[in-house]
Structures are given as C-alpha cells and as structure tokens.
Amino acid sequence: MEISLQAALDLLNPAQREAVVASGGHLLVLAGAGSGKTRVIVYRIAWLIAEQRVPAQAILAVTFTNKAAGEMRERLLDLLGREIEGMWVGTFHGLSHKFLRLHWQEASLPESFQVIDGDDQLQSIRRLFKTMGINEDRFEPKKIQAYINRKKDEGVRANQLPPAENPYEKVQQEIYAEYEKVCEKNGLVDFAELLLRCYELLKNNTELFNHYRARFSHLLVDEFQDTNGIQYQWLSLLASPTSSVTVVGDDDQSIYGWRGAKIENIRRFEREFKDTRMVRLEQNYRSTSTILAAANALISYNPSRFGKTLWTDGIAGEPISLYAGFNEEDEALYVVREIRRWLDKGRKFDEIGLLYRSNAQSRVLEESLVRSGVPYRIYGGLRFFERAEIKDALAYLRLVVNLDDNAAFERVINVPPRGIGDRSLEKIQELSRECGVSYWAAAKEAVKRQLLTGKIESSLRGFIAIIQGLCDIVLEDSLSKIIQAVIHDSGLLRFFKEQEGEKSQNRAENLEELINAASDYELENPTQDELSPITAFLSYTSLEAGDRKSGVEESAVQLMTLHSAKGLEFPLVFICGLEDGLFPHHFSRETPTALEEERRLCYVGVTRAREKLHLSYAEKRRIFGRDEERQPSRFIREIPENLIEETKRKVVVRASAFNESAFGSQSSMTSMAMGVESEHGYRLGQRVLHPKFGEGNVLDHEGSGERTRIHVKFDNYGSKWLALAYAKLEPV
DNA sequence: GTGTAGGTGGTTTTT
DNA sequence: CCACCTACAC
C-alpha cells in the first residue's frame, strides 16, 4: 500500500507535494478552486499514517459537511487499503456530538440527551414566547433564534452578556437565559450548543483537556475559511504545544459570512499558531484558461485578499457566452437552446450545471426545461429528515423514549388530527404548570380528573394508549420494527394514505421510506455500546438531515443555488440572473464586505465550469408580480470583454425551442413533456395560429369540454389565456 | 376543532 | 406572483 501511495505522491505538483509532506509545526494551505485541495488533505493523512507512523487515533480531521467527511473516509480507505480505526473524522458538530456522548456525565447532560435541529429550536423559542407572555409582533422568534445562535457561536452564555443597553436587548437576553433553562431541563442540545458545550467541557475539565490534547497530535481542518468563532476556539483549545495543525481553505471562496463564518480566522491562524508554513496551491486542473482568466479578473476587484492567482497550462477553450434576455422567460429559452446545442455535440445532461443566486429563480427555468423535455434535478428545499411527516414520526419516537419531552408531545398530540385542539392542549399545559409535571403526565392526570369533555377525553385516552403501547415494544424490538409500529399505530400512515392527492401519497411513501432508513442505519451502525439505538438514530437524523436530491438516477441537468454549487464542477455551467439587485443581491449592496462576499459567490460560480461558461441576465424581470427593468450585474463588467462573446437576441421573442425536435434518445422525459396530447388536440409547445394574434406556442391548458382554456404565448402579442370554444385557433 | 379566505412579505444554508 | 401564516366562519 505504501508503494501505491508513493506512486500517487509522485503525480502531485511541487506545491501539492510540499503540502502533503510538510512536517514539524503547523501548515496553512491556501488552495484555489480546482487546485486539488481535497486530494492534498487526504494524501496528507495517508502520508502521516503510512510514512510518518502516526497512529490513526492521533489524527482528528474536520470537514464542513457530512458528505465531505464520508468522501474523505472513503478515499482514505482506497489509499491505505484498510479502515482507519480510531481516527476521528467528521464535522465540527459531529465530532462535538461524539465527544459529548462519550462524556455526558462530565458535561452534566442526561445520558439520552437529544440533538435538536434549527426547526425544533425555533419551535421551542415559539413555545417560550407563549410561556413568557412575549408578543410575537415585537420580537420575531426567528430574530431571537439568530441572536441566540450568534451568541453561542461567539462562545457567550446568557450569564456572560454585558448589561443590556436598551429594553429590546434586555428582553433578548432574558429569552436567551430562559431558553438555556428549558434546554437544560429537557435535555435538549441545539447545534450551536454542541460546539459550545464541548468547548466548555474541554476548557474546564483538566483531565479530559490533558487527555485529548495528548491524544490528537495531528489536527486537520478543511474549508477553514468557513469556520466561525467557537469553532476556531475549539480548535485552538484542542491543539497542544506539540501538536501539528493543518488548515486548508480559500479566502476567495468564503461565502458564509452571513451565518457567522469568519474569513479573518485565516489571518488569525497565521498569527496565533506560531511556526506556520504557508503553501499556496495555485495551479488549477479544472477550467480552461479563458474561464480562469475571467475568475481571476473578477476576484481581483476584492481588496484585502491573500493574493493567489490561479493558473493553468490547459487550453484557452471557448469564449464565455453572454446573453441578454428580453425577460426571464427568454433567458430560460436561451438556456434550453444552449443545452440542446450541447447535446447535439454528443454531450450529456449531467454535465450541465444551472446556477442562480436565489431559489425563486428556479421556477421559470424549471418550466422551460419541463416544456422542452430536458430532464433535471433540483437541489434545495427540504431534505429527507426535515420533512414534516418524517419529523412527526420522529417526534412520536422521541416521546416514546422520553415521555417528558414536551416539544415532542406538543408536536404529535393532534397529528394526525384527532380532535384535540389548542383549547384542550392549553388545559393540559395549565395542569402541567400547576402540578410541575410534564405534558404527558398532565394529560394522564387530566383524564383522571375528568377535566375534558367526553369526546375529547376518549381521543386523549386513545392517544395515551397508543404511546403506552409503543413504549411496551421499545424494549424488545429492533429500531426498524419500532419505527414501523410508530407510523402504523400513530395513524400517520393511514392518515396520509386515505387523503387524496399526490402530495399525501408522497408523504405516505416517505414514511415507509423512513423504515428503510432505519434498517439501513441499523446495518451500518451495529449496536453502539451503551447508547440506545433509538437515541443514536434520533441524533443521526438531526445531525445528518439526509440527501437533498430527489431519487431518480437518470442523467439530468443539475439546478442549484450558487451556494450549494460550492465544491462541485461541471463541464458546462450557466449562471443566470446576473442583474444588479439580484446578483449582487440588493441586500448586499449597502455594505462593502457584503458586496465582496457576493463577488466571491460569483467567483465560486465561474470556477465551477470546466469547459464552457454561459452568463445571462434579463432586461425585464417579474419581481413580485411586477415587470421591472433590470440592469446587468457589475460582475459582468468586471470580466474582461475580450473573454466574452455576446449572443445576439433574435429581434422577435420566440418561444422557438418548443417545436424543435426532441432531444434524441438520451431523454426519456421528452415524450412525457412534449408528446402528451390532450383531448382537445393541442399539446404543450405546439405552434398554433390565431386570426388576430398570429402564431404562438401552447404553454398550458386547463379545464375540459366547453370550458377548456389554453395558454398561448404569441410571438408578437405576449401570452394569453383563450377559451378554446370561442378562439379560432388552428394548429400550424 | 377544523377548514378556507384574506393578508403579508419574500437571500444565500449547514450543522 | 406565490407561498405561507393568521384570523374567522362553520
């Protein structure tokens, strides 16, 4: 295995090799986009283990996402040919979680503490508002949530805050303090708390502090430009005077400042970790020199950079295309036309990335893709474990393992609807406050005291019976069996199955999928000692929300925001909506630092492209229902003109992509999108002729029989809804 | 207690 | 414009 590692090292460029084999002291790797950053970090770990004889358990490697951690583990396995046992690999949150599970007593947490995600956190803040009698109009729960997380990310507890300067701040602080109490009481740990708690534990517990500092002689952090305050402190604390810290990052790709990432951490590292060697990875292996020149020019408008200049010995390739759409639909049609041209060259759908600044932009693009039969996959929206129905099922599970979990109780007491509404819940809550017991205990008490009317009481009895029944099987059954019981006995599955509509059917399917997720989890994580499998699974669902992309594994164009494109690459990339106010976003226009971050975001987008880059904007765009004139983004002007080739728009705006022949055999969606001929004889995308409005394309239809109306986009008259019975339309 | 009409507001997202 | 949430009628 060392032979293959040596062979692999020989293929690296000098800078990469220097970074991989640097020894003694700390290492800061400034790795430009596409410069082989991940490879370097993986090889470095392999080199430490295989060549330097560093024991695996002395290594701690931090990544930013679970996916990245998984990839790292996999690549190490490939390289070393064996599992790297004892090595800690994961996200800051994942590692902190592991740490707290191992040392829950020292951290003064209950053994079965629960990890809550942002959604749960917001809910508990909402609940807090109610109990504290705070008006949601004056204090938005979301703002308070952001405030609490910001403070925790800075490492500041409620009792460490400076005295409030105004009444608003005072209330904020009070809520923070109260929130801490509630979490403490219920054994809940939010994401920021994982880090803070872990940090405090290390800081205050000398024994653990000494142990872990001695253990981890090598610490490595990827995506270092995205670390926040507490993460930096966490790292500093864990690094002993004799350990070696490697951080890898790119200041030019820091795009998460708005959620607390501190780009300054790079400079701070250089300053505070003495004896740091800096290595720059500037050779790019991804993009054509044209694309790279554009990226370099763009990012050079940002002052105060570390100053890397990416270069490549690759070919110039094609110029960057720029298209000024008449409106956003025209822009979308341009995208479709260019996708088609790409396909005509024998290329594939999955080589294409379609990027935009905000999710709202995806709709128009999607519509255009559907109509022309382009298969696509969209990243964004809720992930599996974040879906409401899944969270409902998991809340049942939470309640079953911990009957005192009031949040879980509140979530499921009337889901599916069983006639126990706000009024009855309030009664239970009141009783709970009076007796100083959990909602669950109060509910049982309410039945005993006959506080509720007959119908509601029997519903409540039913609910209690369900939960108790589930409690009984928890001890003897496997995780997936328990989940199965949960979704059946709770009535959730039946509820969705009985409801009409695709949405509900989908939810029912998701619930069934949850059983699979649980049994997969069981297979991959054979009984972790001590920790109950249910608690472990619940933590897993919070920490790793599951995949974002929808399941179908067909070659498809990938649509996503620029943020989610980070770390990916595509032979062909479109960046849409390059308009002033959209990208850069108008919220970011005011402050220079925000604008710089937007520019970095654009830089990220540009550097995703390997072969060909398309930039586009619309001269008119519907913003909140209003047609507005748009100006091209300044980022377009910041790219040298000689790299750009502007595509001229046709004089008449035509929805012409529709009629062109299908996308060849690659597209199985084509028939679905284009071939469906409705009862009235017109199909989507078909050319039609109107005596007054001239020619156009069918966009949509609704109704049937005499009431059929079809939506036609005319070449010269815009788009109109026409009643088929009256309009004298002819197919062309 | 539950469904639907009006009002509101509307970046980026991982853990 | 559209999705989400809150306020009222059944």
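What you are looking at is a predicted structure, and each value in this text was computed from that prediction instead of being measured. Values reported hereafter were calculated over all heavy atoms of this structure, with side chains retained and with hydrogens, waters and symmetry mates removed. Quick note on labels: first sequence line is chain A, next is B, and so on, each numbered from 1.
For the pair A/Lys142 NZ and B/dG9 C1', the interatomic distance rounds to 11 Å; values are reported in whole Å. One interatomic measurement links the two molecules: CG of A/Leu460 to C1' of B/dG1, which rounds to 15 Å at whole-angstrom precision. Straight-line distance from the CZ atom of A/Arg626 to the P atom of B/dG10: 17 Å, rounded to whole Å. Distance, A/Lys67 NZ to B/dT15 P: 10 Å, rounded to whole Å. A/Tyr379 places its OH atom 16 Å from the C1' atom of B/dT14, with the value rounded to the nearest Å. Between the CG atom of A/Leu559 and the C1' atom of B/dT12 there is a distance of 16 Å, given to the nearest Å. Here C/dC1 presents its P atom at 14 Å from CD of A/Glu628, a figure rounded to the nearest Å. Between A/His586 atom NE2 and B/dT12 atom P there is a gap of 11 Å when expressed in whole angstrom units.
Residue contacts shown for A/Glu598 include a base, since a base heavy atom lies under 4.0 Å away. Using a 4.0 Å heavy-atom distance criterion, A/Gly625 is classed as a base contact. Using a 4.0 Å heavy-atom criterion, one finds that A/Arg589 contacts no nucleic acid atom at all. At the heavy-atom level, A/Phe64 lies under 4.0 Å from the strands shown only through sugar-phosphate atoms.
Of the two residues contacting DNA chain B, namely A/Ala192 and A/Glu140, the nearest-nucleotide position lying further toward the 5' end is that of A/Glu140. Mapping A/Leu543 and A/Ser424 onto DNA chain B by nearest heavy atom places A/Ser424 at the nucleotide closer to the 5' end.
A salt bridge does not link A/Lys67 to A/Glu544: none of the charged side-chain nitrogens sits closer than 4.0 Å to a carboxylate oxygen. Salt-bridge check for A/Asp153 with A/Arg259: failed, with every basic side-chain N at 4.0 Å or more from each acidic carboxylate O. Taking the charged nitrogens against the carboxylate oxygens, A/Lys37 and A/Asp222 do have a contact shorter than 4.0 Å, which makes a salt bridge. Using a cut-off of 4.0 Å between Lys/Arg side-chain N and Asp/Glu carboxylate O, A/Arg622 and A/Glu328 are scored as not salt-bridged. Looking at A/Glu386 and A/Lys391, no side-chain N of the basic residue comes within less than 4.0 Å of a carboxylate O on the acidic one, giving no salt bridge.
For A/His563 and A/Trp258, the gap between ring centers is short of 6.0 Å.
With distances taken from any side-chain atom of A/Arg363 to the nucleotides C/dC2, B/dT13, B/dT15, the minimum falls on C/dC2. Nearest nucleotide to the side chain of A/Glu386, out of B/dT15, B/dT13, B/dG10: B/dT15. Taking every side-chain heavy atom of A/His585 into account, B/dT11 is the closest of B/dT2, B/dT11, B/dG1. Each of B/dT14, C/dC1, B/dT13 was ranked by its minimum atom distance to the side chain of A/Arg383; first place goes to B/dT14. Here the side chain of A/Thr65 is nearest to one of B/dT15, B/dT13, B/dT11, namely B/dT15. Listed candidates were B/dT13, B/dT15, B/dG1. Nearest to the side chain of A/Ile456 is B/dG1. For A/Thr91, counting side-chain heavy atoms from C-beta on, the closest listed nucleotide (B/dT12, B/dG1, B/dT15) is B/dT15.
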Inset, instruction - Kindly indicate, with the supporting measurements, whether the criterion side chain to side chain contact (heavy atoms under 4.5 Å, CB included) is fulfilled by A/Asn510 and A/Ile390. - result: CA-CA 7 Å; A/Asn510 284 337; A/Ile390 299 300; 4.1 Å; yes
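By the 5.5 Å and 30° criteria, A/Trp258 is stacked with the base of B/dT12. With centres under 5.5 Å and a plane angle under 30° as the test, the ring of A/His93 is not stacked against the base of B/dT15. Ring stacking is absent between A/Phe624 and B/dG9, as the pair misses the limits of under 5.5 Å between centres and under 30 degrees between planes.
Close to B/dT13, at under 4.0 Å from its OP1 or OP2, lies a side-chain N or O of A/Thr561. Regarding contacts with the backbone of C/dC2, every side-chain N or O of A/Arg622 stays at 4.0 angstrom or more from both OP1 and OP2. Close to B/dT14, at under 4.0 Å from its OP1 or OP2, lies no side-chain N or O of A/Asn66. The shortest distance between the side-chain N/O atoms of A/Ser588 and the OP1/OP2 oxygens of B/dT11 is not below 4.0 Å. Phosphate proximity of B/dT2 to A/Asn414: present, with a side-chain N or O under 4.0 Å from OP1 or OP2. Using a 4.0 Å cut-off, some side-chain N or O of A/Asn359 falls inside it from OP1 or OP2 of B/dT13. Contact annotation: A/Ser564 does not reach the phosphate of B/dT12 (side-chain N/O to OP1 or OP2, under 4.0 Å).
Of the C1' atoms belonging to B/dT14 and C/dA3, the separation is 24 Å, rounded to the nearest Å. B/dT13 sits 16 Å from C/dC4 when the P atoms are compared, rounded to a whole Å.
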